[in-house]
Amino acid sequence: MTTALPLIAVYADESCLGNGKEGANPGGAGTLLEYRHGDGRITRRDLWVSEPATTNNRMALRSVIDTFTALGAKGQRFRVVFTTDSKYIVDGMTSWVHGWARAGWKRKTGPIENLPLWHDALDAAGEHLVSWRWVKGHNGHPQNEYANHLATRAAADRTTSEGAIESTFEPWLATYRAKGGRTTAIAPFPDADSFKASATLPRVG
């Protein structure tokens, strides 16, 4: 049964230093993954990637591709609440891709931006049940602020985590608040019983 699939909460953000300017603009994507155990404990993992010359939209797609590639590495399937401040991702995954698929991956206004990456994102996420959620960026949401930290650091340092690794969310948050960073309370883990997946993603090819 799909309701028996483990539930994962993902918080994602992206960054591109100098986005839209001429020249090579390095970028990063960062995600915080959360899993709640039966006794209520939360296990967190961090994942980040970077590109030497990119855009915000490309890195937003990389946040999807690399996160779901990591989740599905051993053939596992999950229910996933994917929270991002990128409307490009939320609108794309809940609306645009369905119209593009019906139209043969074309649109009247011209070529689809980053189409190969959209296809990779659909392939990576398609084996899972996903609820795509938008959150306002830079608004004190602790997990979103941390994902932004991972993304901007990856862009600046041009590093990649090479998969999901042990998270530094809690010490980062303590330091962030000590330095005057304002945040709301940590977002609670999603309620598994009320999970509702967004529409099934179209298949590519």
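All values reported here derive from a predicted model rather than from experimental measurement.
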Can you hop from [X] to [Y] via hydrophobic side chains spaced under 4.5 Å?
| X | Y | result |
| --- | --- | --- |
| I165 | L173 | yes |
| L129 | V97 | no |
| V90 | V81 | no |
| V204 | I89 | yes |
| L122 | V10 | yes |

When rounded to the nearest 0.5 Å, the distance separating CG of L32 from OG1 of T83 is 10.5 Å
Rounded distance (nearest 0.5 Å) linking atom OG of S167 with atom CD of Q143
10.0 Å
Pairs flagged by salt bridge (Lys or Arg N to Asp or Glu O under 4.0 Å) wherever [range] is involved - sequence neighbours left out:
| range | value |
| --- | --- |
| residues 81-95 | none |
| residues 196-205 | E127-R203 |
| residues 42-59 | E34-R44, R44-E170, E51-R58, E51-R62 |
| residues 10-19 | none |

Would you call [X] and [Y] a side-chain contact if the rule is heavy atoms closer than 4.5 Å?
| X | Y | result |
| --- | --- | --- |
| K106 | W100 | no |
| V64 | W132 | yes |
| L47 | L33 | yes |
| T183 | H141 | no |
| D157 | S50 | no |
| T31 | Y11 | no |
| V130 | F68 | yes |

Please check if the side chain of [X] supplies one atom and the backbone of [Y] the other of a donor-acceptor pair under 3.5 Å.
| X | Y | result |
| --- | --- | --- |
| D39 | R41 | yes |
| S161 | W48 | yes |
| H128 | F78 | yes |
| N56 | C16 | yes |
| N144 | G140 | no |
| T54 | P26 | no |

Compare every heavy atom of [Y] with every heavy atom of [X], then report the nearest pair and how far apart it is.
| X | Y | answer |
| --- | --- | --- |
| S86 | A60 | OG-CB, 3.8 Å |
| L7 | P190 | CD2-O, 3.7 Å |
| A101 | P202 | CB-CB, 3.7 Å |
| A155 | G27 | CB-C, 3.5 Å |
| L5 | R79 | O-NE, 3.0 Å |
| A124 | T69 | CB-OG1, 4.0 Å |

The criterion is side-chain contact (heavy atoms from CB on, under 4.5 Å); which residues satisfy it with N139, sequence neighbours excluded?
K136
Please name all residues satisfying side-chain contact (heavy atoms from CB on, under 4.5 Å) with R182, sequence neighbours left out, ordered by chain then number.
none
Checking S63 now: which residues fulfil side-chain hydrogen bond (donor to acceptor under 3.5 Å, both in side chains) with it, not counting sequence neighbours?
none
Sequence neighbours left out, what pairs pass ring pair (Phe, Tyr, Trp, His ring centres under 6.0 Å) with at least one residue falling in residues 178-205?
none
Sequence neighbours excluded, every pair satisfying ring pair (Phe, Tyr, Trp, His ring centres under 6.0 Å) that has a member inside residues 143-163
Y146-H149, Y146-F169, Y146-W172, H149-W172
Less than 3.5 Å apart, which donor and acceptor atoms pair up between the side chains of residues 112-121 and the rest of the protein, not counting sequence neighbours?
from: E113; atom 1: OE1; to: N57; atom 2: ND2; distance (Å): 3.2
from: E113; atom 1: OE1; to: Y88; atom 2: OH; distance (Å): 2.9
from: N114; atom 1: ND2; to: Y88; atom 2: OH; distance (Å): 3.2
from: W118; atom 1: NE1; to: Y88; atom 2: OH; distance (Å): 3.3
from: W118; atom 1: NE1; to: E113; atom 2: O; distance (Å): 3.3

Can you name the residues that form a ring-ring contact (aromatic ring centres under 6.0 Å, His included) with H37, not counting sequence neighbours?
Y35
Set of ring-ring contact (aromatic ring centres under 6.0 Å, His included) partners for W134, sequence neighbours left out
none
Go through E145 and Y176 one step at a time and tell me if the side chain to side chain contact (heavy atoms under 4.5 Å, CB included) criterion holds.
CA-CA 10 Å; E145 296 288 358; Y176 182 79; 4.0 Å; yes
Where do T94 and S198 land on the side chain to side chain contact (heavy atoms under 4.5 Å, CB included) test, with the steps shown first?
CA-CA 7 Å; T94 59; S198 301; 4.2 Å; yes
